[in-house]
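Have a look at the structure below, then the notes.
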Amino acid sequence: MLELLQEIDQSLTLLVNHANSSNADSMMVLFSHKLTWAPLYAALLFLFQKIFGWKRTAYILLAIIINVVLTDQISVMMKEYFLRLRPCHEAGFKEMLLLADGCGGKYGFVSSHAANTMGLAVLVLMILKNKWMTIGMICFALVNGYSRIYLGKHYFFDVVGGFALGAFLGLIVYYGLKFAIKKFNL
């Protein structure tokens with residue numbers, strides 16, 4: 001059963017990785033870079049301030065920081081626990097990959113990019129409860145995760161695992177924020 005899952009994971013990874021072109025390579029490198037999304041983060045901060053005012057925005061910003069720290073640190077701990085090589089470090093598999101942007105760290109399960117972006121997406125969509133923001137934030141996370149597979153930095157299931165971790169932690173942080181606002185009359 002484990003071998004079948006690994007075959008499926010490798011096949012899906014190659015399917016995404018081989019859907020390449022020079023234009024797509026450049027776009028995926030851009031989408032995968034953390035600073036690319038800085039305007040989105042600034043726009044979210046502006047939107048929160050406009051809707052909730054500075055005081056509540058400060059609490060939301062604190063929740064976002066807690067969420068990012070949790071998703072990042074737990075995903076790193078999982079990488080060190082599972083020790084699953086990234087596809088670009090896997091002997092016999094890396095030769096099949098098209099690498100547009102190098103390889104990255106040694107281990108890949110779970111994807112920190114996927115966990116961070118999905119955690120942020122879930123937290124934001126739970127706070128705003130707006131259909132269009134939900135679609136936009138989920139697309140933001142999916143594009144980022146797709147770029148990690150496309151670039152050969154993660155297997156398909158590394159990204160899915162990162163999405164699951166991020167969504168779970170995003171919900172936990174949201175309900176923690178909601179509890180704190182109610183409990184301490186914030």
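Because only heavy atoms are used, hydrogens play no part in the values below, and waters and symmetry mates are left out as well, while side chains stay in.
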Verify same cluster id: Ile66, Leu61 (apolar side-chain graph, 4.5 Å): no

For side chain to side chain contact (heavy atoms under 4.5 Å, CB included), just list the numbers for Leu125 and Met133, CA-CA rounded to whole Å, side-chain angles, deciding distance to a tenth of an Å, and then say yes or no. CA-CA 6 Å; Leu125 70 90; Met133 283 301 296; 6.0 Å; no

Does the side chain of Tyr107 come within less than 4.5 Å of His89's, by heavy atoms? no

Should we count OH of Tyr41 as having more than 12 external heavy atoms under 6.0 Å? yes

Does the pair Asp9/Arg84 count as a salt bridge with the N-to-O cut at 4.0 Å? yes

Is any NZ, NE, NH1 or NH2 atom of the basic residue among Asp101 and Lys153 found under 4.0 Å from an Asp or Glu carboxylate oxygen of the other? yes

Trp37 vs Phe140 aromatic rings, parallel, tilted or perpendicular, using cut-offs 30° and 60°? perpendicular

Spacing of Lys55 atom NZ and Ile60 atom CD1 [to the nearest 0.5 Å]: 13.0 Å

Please round to the nearest 0.5 Å and tell me the distance separating atom CD1 of Ile8 and atom CD of Glu3. 12.0 Å

Go through the steps for Leu83 and Lys106 under the test side chain to side chain contact (heavy atoms under 4.5 Å, CB included), then give the verdict. CA-CA 8 Å; Leu83 301 176; Lys106 190 171 183 180; over 6 Å; no

Any non-hydrogen side-chain atom of Ile64 less than 4.5 Å from a side-chain atom of Tyr59? no

Can you tell if the side chain of Lys79 reaches within under 4.5 Å of the side chain of Phe109, non-hydrogen atoms only? no

Which atom pair, heavy atoms only, marks the closest approach of Ala114 to Thr117? O-OG1, 3.3 Å

Hey, quick one: are Phe46 and Met137 part of the same hydrophobic cluster, counting side-chain heavy atoms closer than 4.5 Å, chains of contacts allowed? no

Ring pair (Phe, Tyr, Trp, His ring centres under 6.0 Å) assessment of Phe93 paired with Tyr155: CA-CA 11 Å; Phe93 189 72; Tyr155 284 107; 5.4 Å; yes

In Å, rounded to the nearest 0.5 Å, how long is the span from NE2 of His18 to CG of Leu97? 6.0 Å

Between Arg86 (side chain only) and Gly152 (backbone N and O only), is there a donor and an acceptor less than 3.5 Å apart? no

Does any non-hydrogen side-chain atom of Thr13 lie less than 4.5 Å from one of Gln10? no

Transitive ILVMFWY side-chain link Phe168 to Tyr81, under 4.5 Å: yes

Do Lys34 and His113 make a side-chain contact, defined as non-hydrogen atoms from C-beta onward lying under 4.5 Å apart? yes

Please report the C-alpha distance between Ser112 and Val76 in whole Å, then the side-chain angles of each, then the deciding distance to 0.1 Å, and finally whether the side chain to side chain contact (heavy atoms under 4.5 Å, CB included) criterion is met. CA-CA 7 Å; Ser112 296; Val76 168; 4.2 Å; yes

Flag side-chain contact, heavy atom, 4.5 Å: Asn130 against Thr134: no

Under 3.5 Å, side chain of Lys129 to main-chain N/O of Met126, donor-acceptor pair present? yes

Side chains of Met118 and Asn144, heavy atoms from C-beta outward: is any pair under 4.5 Å? no

Show the nearest heavy-atom pair for residues Arg148 and Ser111, with the distance to one decimal. CG-OG, 4.3 Å

When rounded to the nearest 0.5 Å, the distance separating CD1 of Ile172 from CG of Asn67 is 10.5 Å

Report, as yes or no, whether the 6.0 Å neighbourhood of atom NZ on Lys50 holds more than 12 heavy atoms from other residues, nucleotides or ligands. no

With distance as the sole test, does Glu80 use its side chain to make a donor-acceptor pair with the main-chain N or O of Met77 at under 3.5 Å? no

Measure from the side-chain N and O atoms of Asn20 to the backbone N and O of Tyr150, and report whether any donor-acceptor pair falls under 3.5 Å. no

Approximate separation, where rounding is to 0.5 Å, of Leu123 CG and Tyr175 OH: 11.5 Å

Identify the two heavy atoms, one from Leu165 and one from Val110, that lie closest to each other, and give their separation to 0.1 Å. CD2-CG2, 3.8 Å

Contact between Phe48 and Val124 at the side-chain level, heavy atoms closer than 4.5 Å - yes or no? yes

Joint hydrophobic cluster, Leu4 plus Val160, side-chain heavy atoms closer than 4.5 Å: yes

Tell me the closest heavy-atom pair linking Leu177 and Ile127, and the distance in Å. CD2-CD1, 4.0 Å

For Ser75 versus Ala115, what's the shortest heavy-atom pair and its separation? CB-CB, 4.4 Å

When rounded to the nearest 0.5 Å, the distance separating OG1 of Thr57 from CD1 of Ile51 is 8.5 Å

Is there a side chain to side chain contact (heavy atoms under 4.5 Å, CB included) between Leu128 and Leu47 once you walk through the steps? CA-CA 10 Å; Leu128 294 177; Leu47 183 63; 3.8 Å; yes

Would you find a donor on one side and an acceptor on the other, under 3.5 Å apart, between the side chain of Asn17 and the backbone of Leu98? yes

Using only atom types and a distance under 3.5 Å, with no angle test, would you say the side chain of Thr36 pairs donor to acceptor with the backbone of Ser32? no

Quick check: closest heavy atoms across Val29 and Ala100, and the distance to 0.1 Å? CG2-O, 4.3 Å

Side chain to side chain contact (heavy atoms under 4.5 Å, CB included) with Val159: which of Phe156, Phe157, Phe163? Phe163

Are Leu62 and Tyr174 connected in the hydrophobic side-chain network, where two residues link if heavy atoms are under 4.5 Å apart? yes

